[in-house]
Every structure is written in C-alpha cells, then in structure tokens.
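These notes are about the structure you will find just below.
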Protein chains: 2
Amino acid sequence: MEDISKKTDDTKGRLIEAAGEVFAHHGFRSATVREICSRAGANVAAVNYHFRDKEGLYVAVLEHSLQSATRKYPPDLGLRDQATPEEKLRTFIHSFLLRILGEGVPAWHGKLMAREIADPTDALGRVVQSSIRPLHMYLASILSDLLKEGKPAEGEERDVIFLCAMSIVGQCLQHFTGRRVIAALRPKSFNPADIERIADHITRFSLAGIRGLRAGGSL
Amino acid sequence: MEDISKKTDDTKGRLIEAAGEVFAHHGFRSATVREICSRAGANVAAVNYHFRDKEGLYVAVLEHSLQSATRKYPPDLGLRDQATPEEKLRTFIHSFLLRILGEGVPAWHGKLMAREIADPTDALGRVVQSSIRPLHMYLASILSDLLKEGKPAEGEERDVIFLCAMSIVGQCLQHFTGRRVIAALRPKSFNPADIERIADHITRFSLAGIRGLRAGGSL
DNA sequence: TTATTATTCAAACGCTTGTTTCAAACCATA
DNA sequence: TATGGTTTGAAACAAGCGTTTGAATAATAA
C-alpha cells in the first residue's frame, strides 16, 4: 500500500497526488483518508493539518486536476477557430471522452466530474460553476449552430438544444459510469478502451440525430 | 420518520416496503438499516432476523420490485407483435424511462437497476442476469432489425449494435443519474418530469442516429 | 393448559470512519 | 547555540454503521 516514492517531497503535494488517484478511483465517499495518507507516506493527521478536513483536500484536488485537464485536454483540442460545427462537435466528444476515460493526472478531473454528476457531494456547486457549466455552454453553442442552420430560431429551440446536449453527454458518460455493466455485456470484439472508436460512433450517431431533429416532423 | 400505517401487518412485508423506498432513494450503500426499520416500525434486529443481513433484504427488494415492474411496465408495453422496429424502439425507450423516472413501487426496480449500473454492489451479477441482460438482448434485437434493413450483416455489425444500445441506454440513464446537474443547468422551460417529451426526443434522436449509421461512410 | 417454537425488543458489541490531542522532532532565525 | 514557530506522529476520541445477544413476549401445537 505504501508508496513513498513520489517526486514531490513536501507532504502537502504528496497528499494531493495520492488523493487524486484515490478519489478518481473510489469516489469521494468511498475514499478513506487512511488509504490516502498511507499512499502518500504521511500520518493520518496530515490531511486535517494541511487541508482542514477531507473535503478541503477534495477541493484542492479538484482545483489541481482542473488545471492539468484543461492544459492537456482543452474542449476544442486546439482546433482552428473557423472549423465547421461538425468538426467542433467531433472534437468536443473526443476531448470529453479522453477526459473521463483517459489515464493519469489529466484524466482525474473528468472522472471526478463524472462522479459528481452521478453521485454529487457538497462540492457539486463548485464543480458546476468551474467546469460543468462552461463545458455545457460551449456544447450548447455548437449545437445551436448545428440546429438552426438556415432555419430561424424558435422559442422551443432552447429545450431542443438542452435535450441534445444531454443526449451527447449521456452517451459519453455511459462509457465511464456504466463500465462495469459494459464489461459484462460487451461482445468480445468490442474494446472498451478504444476511445477513438467510441468517439467516432457517438459523433456519427449524434450528428445524424441532430440532422434528423432539424428535418423535424414525424416519428 | 415513523410510518406504521402500512397495509401489510407482517413485519417482513413492511420491511420490504420501507426498504424499497429507502434503497431507491438513497442507494444500497447510503441506506441504513436503522432508517428502514424506523420507517417500517420495526426493531433494528428485524432485518437480520428475517433476511439474514442487509444484503439479503436488498435481494428480496430486488425480486419483489422486479415483479411489480415487469407487470406494470413490460418492455414492449403491450405492443402488438407485428409492430415496426421503429414503433418497438419508441415503446422500449418510453417503457425504460417510465421504469427509472416513474414514481411508486413499479419504478423502484428501474431506479435500483440504474444505481447498480452506476455504482454496482455485490448483487450486480444477479441484476445483470435477471434484468439487465434480458433488456439488453431485446433492445439489441430491435437494433439489429433497424440496422441491417436490406443490408447484409457484416462481422463488425455486433459492435455497432452494442454501441447503439449503449447510446440509447446512456441517453435514458442520464435523465436519472444526472438529475441533480440537469436541475442546475436546465432552461426554465424544460420540465425534467415530462417523460413523454424526453422519450420523444430520445426516440427521434436515436432513430435518426441509427439511420445515419446505416447510411454509413464519412463523418 | 402446557410445552414448544417464533418473533420482538432494548441494549450492547465490534468495526470503520473522520477528526483531535499533544508531545516529540524539525527548522529557520537571532 | 538558544529560541519560537512549523510540522510530524502515535494514540485516542466520538459518531455511525451492521450485527449480535439474550431475555421477554406472542403464537402455535400437544
């Protein structure tokens, strides 16, 4: 369990490193400060001394990992600004999947965000403000472009945009939140770690879905 | 907290009733046997006497609620057998949403199933066998009809069907699993309890998505 | 009725959790 | 080298959890 060999030699930094792994892997509630401290090679009291309490450490991890995530996985993944809405959506989905299914420090934040969505803690408000709402607004702007192409914006348009955003995010989150069941149901040929394959499917499925809504009307 | 006024006068029945509400509302882990017993007007020891342990009670609730759910919300919702695949898909989505977003006893099982997917317990294997896999197979058969219409079945077809199933289920589950964030992000005009509206959106979005995949090819 | 079994109940047990305590060790500065 | 604030550490604390105990009560059978 012990894992003293970390780069940072200050306890505070080692605690954040260890806590990031444990929180991302077990979630805030199931994570124990004893396991975190054990991994960081620190005493149990260290969390309360450096971060006031368990939640203080959690907030510190959220802030630390948010920086790492936005640095490595910007929502537009460095796409040029004149890209088409279709390209933007494809890139958003790819980036989002990398954030929640990837490995290592930059993927901590996506997993923590996904866990906040499925099982919120007292920090949900913070996460919504700092991460979820900005991402949602960006996705909504892409969807707005895709939906009203040529057409005038109706009043019900906002609900359609919102429902499309939930459809896309829901598809992505399913591959993290539902990974245990996916492992149980998947055909042998499907590789749950093939992010590009999943991103490609969700993109094509969703672009066609959006076009179908735009075409509007029956069934 | 106390709620002695239940129809059943046998403790075992009252425990299942109370436990269903508490498990569906808080999940297996966060639920406490003390709250369950308090609601059932029973002693704390009653759970261990009648069901061996907390998990035994949980399994009993799963079995009890599965019956209630399949009785009220069959996956085909009493659809005629010659219905088109499109009608079958629409009905499946509607039924699935009623199962997880509805109120009362018949909706317990859907919520418990959704919670098992997002945060599995030791009972996951049971739930997969009894509920999740059958539902998945039924959905996959509908998708198979929709996808290979006219076309020959390729080898990669299984993966496409599986990914489409995850897309549809992921969209539905998002409205239960992510309800807290939906409440925070939704436009005022969107009503999270309007199951018909959500079912209609997911159906149209998904049918168009499937058609888009069938059309195949680029972007 | 009496004997036997089933069920309820208050209390306590054992364990894990996050947190606190306070003395010892450390470390920079005068 | 002495001093004062910072950090560590082993131990204990308090609260909540599922579970067990064993006597009291209710229900059933002889």
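So you know, we letter chains A, B, ... as the sequences are listed, proteins then strands, and number each from 1. FYI, side chains are in, hydrogens and waters are out, and symmetry mates aren't considered; it's all heavy atoms of this structure.
By the salt bridge (charged side-chain N to carboxylate O under 4.0 Å, His left out) test, A:Asp119 pairs with A:Arg29, sequence neighbours left out.
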Per-nt protein contacts along nucleotides 13-26 of chain D (heavy atom under 4.0 Å; B base, S backbone sugar-phosphate only, - none) come out as ----BBBBB-----
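For the 3.5 Å distance criterion, the side chains of B:Ser167 and A:His201 qualify, holding a donor opposite an acceptor. Checking B:Glu196 against B:His94 by side-chain atom types alone, a donor-acceptor pair falls below 3.5 Å.
The footprint of chain B on DNA chain C, defined by a heavy-atom cutoff below 4.0 Å, extends from C:dA6 to C:dA12.
In this structure, the side chain of A:Lys111 engages the main chain of A:Gly102 through a donor-acceptor pair within 3.5 Å.
Here B:His109 and B:Tyr73 keep their ring centres 6.0 angstrom or further from each other.
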Subject >> Test side-chain contact (heavy atoms from CB on, under 4.5 Å) applied to A:Met166 and B:Gln171, step by step >> reply: CA-CA 7 Å; A:Met166 291 306 103; B:Gln171 286 180 79; over 6 Å; no
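Put simply, the residue from B:Ile198, B:Leu139, B:Ile168, B:Leu98 that forms a side chain to side chain contact (heavy atoms under 4.5 Å, CB included) with B:Ile93 is B:Ile168.
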